[in-house]
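Please read these numbers as outputs of a predicted model, since none were measured by experiment.
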Amino acid sequence: MAVVSLLLFGGLWSVVGSSSLAVVTCGSVVKLLNTRHNVRLHSHDVRYGSGSGQQSVTGVTSVDDSNSYWRIRGKTATVCERGTPIRCGQPIRLTHVNTGRNLHSHHFTSPLSGNQEVSAFGEEGEGDYLDDWTVLCNGPYWVRDGEVRFKHSSTEVLLSVTGEQYGRPISGQKEVHGMAQASQNNYWKAMEGIFMKPSELLKAEGHHTEL
């Protein structure tokens with residue numbers, strides 16, 4: 001839990017956020033920005049009042065909210081070694097740091113737009129196969145400066161924001177949901193966070209990564 005303790009001390013993330021490392025790696029803790037709507041992927045211990053009733057996932061404009069940190073992990077029932085570069089086309093889990101629940105989707109209807117609900121599910125980082133998302137990007141790896149899409153591995157929807165906004169008790173936060181079609185609403189970029197140094201595997205010619 002060393003990464004979590006680092007996050008609790010103000011100012012540290014601005015330092016690590018300025019790292020020049022080019023690739024996103026397993027074990028990193030990041031904020032994810034929807035580049036179309038300029039909101040960061042967020043969750044908190046507020047449950048949906050409809051649909052699954054699971055923990056809600058939203059988009060927030062605040063840069064400093066600690067509830068927007070997600071840890072990058074291997075897909076369900078696997079271990080992704082810390083520092084292993086994330087490949088384009090690789091399934092991963094995103095675990096919400098403050099609540100220990102995984103980004104999740106399923107065939108429930110989202111409350112505002114009527115698209116597919118996205119929630120946070122599980123306990124202490126363990127949920128089920130509906131927590132798996134495939135990273136879609138250009139090139140061999142997810143790079144820090146690049147935009148990516150996240151495709152739900154089971155239902156094939158894309159993690160999206162289209163601008164619908166909640167009222168109380170989470171006034172001003174945007175709905176995050178799953179959409180079948182690709183558009184500018186599905187693009188995300190890694191922003192502030194603690195980025196684990198890439199392993200030596202990336203530097204070797206003809207390397208082989210075990211996940």
Side-chain angles (χ1 to χ4, degrees), residues 3 13-42 57 59 63 68-97 102-105 116 118 129-162 176-211:
V3 172
W13 48 71
S14 63
V15 176
V16 295
S18 64
S19 170
S20 60
L21 297 176
V23 294
V24 178
T25 57
C26 285
S28 296
V29 173
V30 302
K31 291 184 179 181
L32 295 167
L33 177 73
N34 182 279
T35 56
R36 173 70 181 273
H37 295 276
N38 198 35
V39 292
R40 284 162 173 76
L41 188 67
H42 178 91
V57 173
V63 176
S68 299
Y69 282 107
W70 301 82
R71 187 190 314 276
I72 300 170
R73 305 169 63 209
K75 69 178 182 178
T76 302
T78 69
V79 174
C80 185
E81 295 291 339
R82 188 172 69 178
T84 302
I86 301 295
R87 294 179 177 273
C88 296
Q90 177 180 333
I92 62 169
R93 279 175 293 176
L94 292 167
T95 301
H96 189 242
V97 170
N102 298 321
L103 190 71
H104 182 92
S105 194
Q116 184 165 304
V118 171
Y129 69 98
L130 293 173
D131 301 338
D132 295 341
W133 297 80
T134 300
V135 179
L136 304 181
C137 48
N138 295 319
Y141 297 104
W142 177 5
V143 296
R144 287 272 305 275
D145 292 336
E147 293 182 333
V148 301
R149 288 185 168 110
F150 298 103
K151 183 177 182 179
H152 192 240
S153 298
S154 295
T155 66
E156 300 190 341
V157 295
L158 297 164
L159 186 69
S160 305
V161 177
T162 50
V176 172
H177 49 251
M179 297 183 68
Q181 65 271 28
S183 72
Q184 291 297 315
N185 297 310
N186 325 127
Y187 279 117
W188 300 83
K189 186 176 180 181
M191 299 298 287
E192 305 81 9
I194 298 174
F195 291 83
M196 296 298 170
K197 182 179 179 181
S199 67
E200 295 299 315
L201 292 169
L202 182 64
K203 303 175 184 178
E205 286 291 326
H207 60 272
H208 178 68
T209 305
E210 293 289 346
L211 297 178

- request: Test side chain to side chain donor-acceptor pair (under 3.5 Å) on Asn185 and Thr162 and set out the steps.
  value: CA-CA 6 Å; Asn185 297 310; Thr162 50; 5.9 Å; no
field: Closest heavy-atom pair and its distance - Pro91, Ser153
entry: CB-OG, 4.1 Å
query: How about Cys137 and Glu147: do any of their side-chain heavy atoms sit closer than 4.5 Å?
result: no
task: Say whether, by atom type as modelled, one donor and one acceptor occur between the side chain of Ser28 and the main chain of Cys26 under 3.5 angstrom.
output: no
- prompt: If you draw the axis of the six-membered ring of Phe195, does the NZ or CZ of Arg144 fall within 45° of it and under 6.0 Å from the ring centre?
  reply: yes
Heavy-atom closest pair, residues Gln90 and Pro85: OE1-O, 4.0 Å
Check: Leu94 and Leu32 side chains under 4.5 Å, non-hydrogen atoms: yes
query: Does any donor atom in the side chain of Ser68 or His42 lie under 3.5 Å from an acceptor atom in the other side chain?
result: yes
- prompt: Any donor and acceptor pair, going by atom type alone, linking the side chain of Trp70 with main-chain N or O of Leu41 inside 3.5 Å?
  reply: yes
field: Residue pair Arg40, Glu192: steps toward the side-chain contact (heavy atoms from CB on, under 4.5 Å) verdict
entry: CA-CA 10 Å; Arg40 284 162 173 76; Glu192 305 81 9; 2.9 Å; yes
- request: Indicate yes or no: at least one non-hydrogen side-chain atom of Trp133 is less than 4.5 angstrom from one of Ser105.
  value: yes
- prompt: Taking side chain as C-beta onward, heavy atoms only, is Asp132 less than 4.5 Å from Ile92?
  reply: no
- line: Residues passing the side chain to side chain contact (heavy atoms under 4.5 Å, CB included) test with Val143, sequence neighbours excluded, are Val23
query: Of all residues at least two apart in sequence or in a different chain, which pass the side chain to side chain contact (heavy atoms under 4.5 Å, CB included) check with Thr155?
result: His107, Gln116, His152, Val157
field: Arg149: salt bridge (Lys or Arg N to Asp or Glu O under 4.0 Å) partners, not counting sequence neighbours
entry: none
- prompt: So, do Tyr69 and Lys31 sit near enough that their side-chain heavy atoms are less than 4.5 Å apart?
  reply: yes
query: Backbone N or O of Asn102 within a donor-acceptor pair of the Thr95 side chain at under 3.5 Å?
result: no
query: Would you say the side chain of Val30 lies within less than 4.5 Å of the side chain of Ile72, judging by non-hydrogen atoms?
result: yes
message: So, applying side chain to side chain contact (heavy atoms under 4.5 Å, CB included) with Leu136, which one of Val148, Asn186, Leu158 is it?
response: Leu158
query: Between the main-chain N or O of Leu159 and the side-chain N or O of Trp188, is there a donor-acceptor pair closer than 3.5 Å?
result: yes
- prompt: Has the side chain of Thr25 got a donor or acceptor atom that lies under 3.5 Å from a matching backbone atom of Met196?
  reply: yes
query: Looking only at heavy atoms, which two atoms of Val39 and Gly59 are closest? And how far apart?
result: CB-C, 3.7 Å
- line: In Val135, Thr134, Val118, the residue satisfying side chain to side chain contact (heavy atoms under 4.5 Å, CB included) with Phe150 is Val135
- prompt: Could you walk me through whether Tyr129 and Ser154 pass the side-chain contact (heavy atoms from CB on, under 4.5 Å) check?
  reply: CA-CA 8 Å; Tyr129 69 98; Ser154 295; 3.3 Å; yes
- prompt: Val24 and Ala190: which non-hydrogen atoms are nearest, and at how many Å?
  reply: CG2-CB, 4.2 Å
